[in-house]
Amino acid sequence: MLTVEGLRSRYGRIEVLHGIDLHVDSGEIVTVVGANGAGKTTLLKCLSGTQPVSGGTITFRGEGLTGLPAHRRPARGLTQSPEGRQIFTNLTVEENLRLGAYLFTDDRVEKDMEDAFAMFPILREKRNLAAGGLSGGQQQMLAMARALMGRPSCLLLDEPSMGLAPIIVQQIFDVVSGLKALGVTVLLVEQNAFGALKIADRGYVMETGRITMSGAAADLIADPRIREAYLGI
Amino acid sequence: MKISAKSATLLVLVVLVALSPMLFPSGYYYRVGALIFVNAIAVTGIVILTGYAGQISLGHAGFAGIGAYACALAPVHLGLHPALALVLGAAISAVLAFLVGRPILRLKGYYLGVATLGFGILVSMVLNNERQLTGGPDGMEVPELGLRGLLRDAGIDLTNGQFWYFLCGIILILAAWLALNLFNSPTGRALRALHGSEVAARTVGVDVARLKLQAFVISAVYASVSGSLLALQNKFITPDVAGFMHSIEMVTMAVLGGVGSVLGAIFGAAVLTLLPQVLTVFAEYEQLVLGLVMMLVMIFLPQGLLPSILRKVRGKDE
Amino acid sequence: EIRIGASVSATGPAAFLGDPEAKTLEMLVEQINENGGINGEEIALTLYDDGGDPNKARTFATRLIEDDEVVAIIGGSTTGTSMSILSVSEDNEIPFISLAGAIEIIDPVKPFTFKTPHTDRMACQKIFEDMQKRQITTIGMISGTDGFGASMQAQCKDVVGEYGITVAADETYNPTDADMTTQLTKIRNTEGVQAVLNPGFGQGPSIVTRNYRQLAIDLPLYQSHGVASDGFIELAGAEAAEGVRLPGTALLIADQLGADDPQKPVVDAYKTAFEEKTGTSVGTFGGYAHDAFLILTDAITRAGSAEPQAIRDAIESTSGLAGTTGIYNMSAEDHLGLDLSAFRMLEIKGGEWTVVE
Amino acid sequence: MAELLQFLFSGVTVGAVYALVALGFTIIYNASDVVNFAQGEFVMLGGMLTFVCHAAGLPLPLAALIAIVVTSAIGVAMNKLAIEPARGAPVVSLIIITIGASIFIRGGAQLLFGKQIHSFPAFSGDTPLRIGGATILPQSLWVIGGAVVVFVGLWLFFTRTLTGRAVLATSNNRLAAQLVGINTGFVMTLSFALSAGIGALAGVLATPITLTSYDVGLAFALKGFAAAMLGGMGNPKGALAGGFLLGLIEALTAGYLSSQYKDAAAFVVILLVLFFMPQGLFGAKSTERV
Amino acid sequence: MTALLSVEGLGISFGGLKAVNDVSFTVQPREITSVIGPNGAGKTTLFNMISGVYQPGSGRVVLGGEDVTGMAPHLLARRGMSRTFQNLQIFQSMTVLENAIAGYHLQERGPVLADLFNLPSSRRRAAAAQAGARELLARVGLDRAAEREAGNLSYGALKRLEIARALALSPKILLLDEPAAGCNAVETEEIDHLIAEVAKSGVAILLVEHDMKMVMRISNHIVVLDHGEKIAEGDPASVSRNPAVIAAYLGTDAGTEAAHADG
Ligand SMILES: Nc1ncnc2c1ncn2[C@@H]1O[C@H](COP(=O)(O)OP(=O)(O)OP(=O)(O)O)[C@@H](O)[C@H]1O
Ligand SMILES: Nc1ncnc2c1ncn2[C@@H]1O[C@H](COP(=O)(O)OP(=O)(O)OP(=O)(O)O)[C@@H](O)[C@H]1O
Ligand SMILES: [Mg+2]
Ligand SMILES: [Mg+2]
């Protein structure tokens, strides 16, 4: 479904992705783990089109994405829940969600919103309040819910569990697993590598802009190098 | 040996001020040079306020007006020597900035913009309306500084143009030196910190209100001195010096040149002072070209002329 | 080639003055060069637009003298710019003919500085003379806060006493204001006001005149020479402008001048040429530039030399020179050379300028 | 009484003009956080182009329509040529671009239209309406009506339409806006078209009262800016209230205190309001948590 | 034993919502006190009130015996309080080193005139701060990034920079709002050690964190908030066994995980 070949990207003169190869098959959950500054966020930004690509190709459902502006990617089914949440702080929670479904005007929007509220009841409570007033974790939930409102066929998640209470972290991972059942493909970047690998089909390890290891999630969890470097076990 | 940005900037300035006259074909160029320096002094103040501390002012010409009229009025009414009048003007500006700054520096962004704009307009309105004192919109004469005569007695015979060129040049170098000192000093760092995040600055102990006020007062003094020098040099002054357009001009010079760096802002002052002189060849098209240049610079060099150029040269293009 | 410099406010808040001045100078230079120049030499005009900014004006004056090496300067559309230019021209001993109104420019007399417009004071005097004739003793004033309006307001209040008239209401407006009914209502409601005087230029006086009619104030309205051009009638509307009086120059009533009027030929020639060239009607201010240029060329011709000192001396001895504004007679004590007779009291009737007599 | 009424009429007439200009600021500001200092030039263009078309023999309504459309197109061009290429530049740089654009437009207008002052006939004649001993021109009612209609339209746009919210979203967080599929480029184009159109409309409605010339833009921009800030930048309610308030303060100060210091009074009031309400009367407090 | 910080009946509302309600607890020097609770429980708000960013609606904050309720943050900083932010507050356009030096503001500040004229006193102050800042950066592993513009760092690196800046104040009490968010297990452990070390040096630490492993490992004392109210308090073992806490916050999985780490 999503294929990345030789992807390079740079900030100014400094290259931070030095040729990334990875692929995500339809209906798969794939996770990328790596230390601070490895380039995980940069990778996702390249995929969502908010960071310029300086080399390599990205193919999504058989079509090249190169040159496609960021705002046209959600219409193709590619949606991102970005690092740092990036919610619309001055708009209400409900408006945030509605904008998540910006491309759709049908009745399903209301239903999706109900689903989102069911998933995160706190958002229903706060639906008419400015999103900027939400707590950190609540904002994170909103970012996730907003991404889901876009009816993605492929969801890019950048640290969705960050700042969430353990009980919600569990729930988030459940949701992601549940997406799989709905046929949604997920590319998940997580610092909670243990949790991510547990629900993922496959995983990649990223170090300073390169993929250094990949394989089935179960194998990676078992790999002593991974356990030492990322799982802290 | 690695030479610091500060020394480099000062060196460039000294060399430019000292050596440019060798290229001057006529006395008129001294006049333009002196004007550049005068503007650059005010703009250096803007760098401290806007570039370092991130506070906008659309009314700094008000302080220039106070400096200018101090030099026009104090010698006549108080019998002060014009040079002392300059100091008096700076002191009045500082006090006024202190009083005005207190309430309005709580405001943010455009709200601070409109409040300072209001202040500037109030000053220029007083200068315009209090005709008995200021001569109203027609302006008033400013006494001779008299320093040139002293120099001549001391054996240094300069033309009027040369005198003002070197005097303003020296004061500019001094002004730039102070601003550069500030940049890397504890105070400068605190100013830049509150620019980045006020809450974080507060929690590391920065008294934000006080520091903003300090920056405001310092920049007001810069504007005031600039106004005084303009008045003394022109020997005639009108309320235009305190007008809205002059305030905008200061900010434009700073931003165009690069508001974050002293040399950049001075460069901006030079460009925008020279431009109208160069554009006279376009006659009718002058405004058109001026607007176009401003837009093009900001489009292609959004960080300002000098920083963007330096970035390109160093290859850190973004 | 004789180099002449000019710095006028062709743009900016005083463009209303400077624009026709610039056009006039360019046109006249072209004309004179087509006719072989002065004393066989062509005139090269360097014209700068100071935008009404005295600081710029000073820079341009320096540039004209030091860099362009002109022998004389015309310009300074406003008092501020004129004062800036004159301090440079006096220092360098270059003759300068100002186009601004204030009396300070030539009083006290400075050796190299002259001017062509009547002073504001003279305009006031002319108006008050007329009021006196109509037995008006109490007036209201509404003045623009621009240099022109403010200066004339001050001068008028200075001389008004000499005519036994008191100013009972003294209001102002800003040059960009859109509505003056408030000030006019105040004046109307002031006890005893018999007439209203409005010193100002630009769009302000037009709006005052319209508001005057809106409020149906039926007292005589006096405008200043600042609006003496056909454009004013057009903007204010003939209906609203009906009965408005102002001190104007011969220019406005070119077709009504007697054939023996000494100003007739020069006024006719200028009016025809200017209106043909620019498509806009002539006004007082273009006339000032015309007269300045006339005085200068006349002086150079008489001096037979383009030396600044010689030109200065020749200007000072100008006598009986008919310009559009009046007949100029300069002297060592008088660097303006006009008297009150240069002004004619005009009244708008049926959308036309007529002479009050 | 009649006197007070007359002052009030004067105040609302001028206030409506300010309000219209202030309303023009809101859209571009809401889309990009940029105060467009060229807004005054749109007002000038509205008046000037109507004059030119009318003078060329077109009927007034058609002339006005052309003026509004052309000005909108100029707004779009300004966005495409000057604002969009500078995307990512600091807000101050964008502001300088708008100042540059305003000088550019003014310079162009001066070349094309000359420096004469112009006007065109009032829409419903010049016969003043008498109310309670005071008078008001029919054109004033046009301006007031225009301000109210534009206000209602904008208010509905921002609160009731998805596009309106997309505009707000774009300024609040451009990156996030793109991530949900908002074409932020289009939003900017639309905003400039609307802002310029509203500006031009202001010019069309106000010119029979205020007159116009190539350089009236700056004064409009300044007063409109002050009015918008008084009301709270970005909020149509604020623009409307700020405009009328400013007009009334000026008129009442001129009427009862001093016409010389009426603008000063206006700014003193603005300073006072901001002292107690740092976001203006209706400005939204931005909610940013730490 | 006298507490360094005591919070007494603290409360605040936002438009009807009692974000924090009548919360009391104390913090001792050398100890790590953690505040945990579900998202929106009021932890950050509590921090904001203690550190003077918000004015409390009710209650008192007492620091070292002095009532400092609602005192401005910069005055609290002078009294030895320092904090990090959940929503990063970095001086973006300054370098990493300058960010750290900014933390030394209280030590390096001096008369503005001395700074303007670059007097030796000013240079001395600045040099001392710079030396300290470099050491701190080394401690959080950012020494190699010292000259980079802070805005260009990755999220995790910024988190550590915030900690460095907060440490620069040599605080008596340090408030950390989710210091480990965005760091993986190994990186978290490093932060762990750092915090423990700081506590050992005599600093009182108030910590908000959702990483239960970390919390349980290093806390001396835990306060649990839910819906703005304190629902439990005690040592890690007792808190992690508290059914109310498990139900509201930990969930079964994490609960066992935490208990495991604890045991
Ligand atoms: N805007 C930027 N400008 C310059 N460099 C940047 C920028 N953003 C990130 N970098 C650099 O690019 C590299 C990769 O950063 P990225 O944010 O992709 O890392 P990450 O793997 O997501 O880290 P983390 O786990 O901390 O979020 C880092 O070295 C970072 O400093
Ligand atoms: N400025 C504000 N305006 C409106 N509501 C606010 C504001 N600040 C906090 N709140 C509300 O107060 C409650 C507590 O928020 P707080 O940020 O303290 O939670 P928290 O415990 O830190 O949560 P998290 O673990 O998600 O960071 C939340 O429901 C939040 O929406
Ligand atoms: Mg990241
Ligand atoms: Mg929190």
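Letters A, B, ... mirror the listed sequences (proteins, then strands); counts begin at 1.
Contact record, Met162(A) with Ala181(E): CG-CB, 3.7 Å, taken as the closest heavy-atom pair. Of all heavy-atom pairs between Pro38(E) and Ala165(A), the closest is CA-CB, 4.0 Å.
Ranked by heavy-atom pairs under 4.5 Å with chain E, the list Gly137(A), Ser135(A), Ala229(A), Gly163(A) is led by Gly163(A). Among the candidates Glu178(E), Arg160(E), Glu187(E), Glu189(E), the residue making the largest number of heavy-atom pairs closer than 4.5 Å to chain A is Glu187(E).
Contacts between Ala180(E) and chain A at a heavy-atom distance below 4.5 Å are absent for every atom of the residue. Interface remark: Ala145(E) contributes no atoms to any contact with chain A (heavy atom separation under 4.5 Å). For Gln138(A), the parts sitting under 4.5 Å from any heavy atom of chain E are the backbone and the side chain alike. For Leu17(E), the part lying near chain A is the side chain, with the backbone staying farther off; criterion is any non-hydrogen pair under 4.5 Å. Using a 4.5 Å cut-off between heavy atoms, Leu231(A) contacts chain E through its backbone alone, with no side-chain atom that close.
The CG atom of Asn87(E) sits 4.5 Å away from the CZ atom of Arg85(A) when rounded to the nearest 0.5 Å. Note that CD1 of Ile14(A) and CG of Asn152(E) are 7.0 Å apart. Values are rounded to the nearest 0.5 Å.
Between Val186(E) and Glu228(A) the shortest side-chain heavy-atom distance does not fall below 4.5 Å. The closest side-chain heavy-atom distance from Cys183(E) to Gln191(A) is not below 4.5 Å. You'll find the side chain of Asn39(E) stays beyond 4.5 Å of the side chain of Ile122(A), heavy atoms only. Between Ile167(A) and Tyr249(E), every side-chain heavy-atom pair lies at or beyond the 4.5 Å cut-off.
Residue-environment remark: NZ (Lys180(A)) exceeds the threshold of 12 foreign heavy atoms within 6.0 Å. Dense packing is recorded around NE2 of His18(A), with more than 12 heavy atoms of other residues, nucleotides or ligands lying under 6.0 Å away. Atom CD of Glu135(E) has 12 or fewer heavy atoms from other residues, nucleotides or ligands within 6.0 Å.
Contacts between residues 31-46 of chain A and chain E, defined by a heavy-atom separation under 4.5 Å, are made by Gly34(A), Ala35(A), Asn36(A), Gly37(A).
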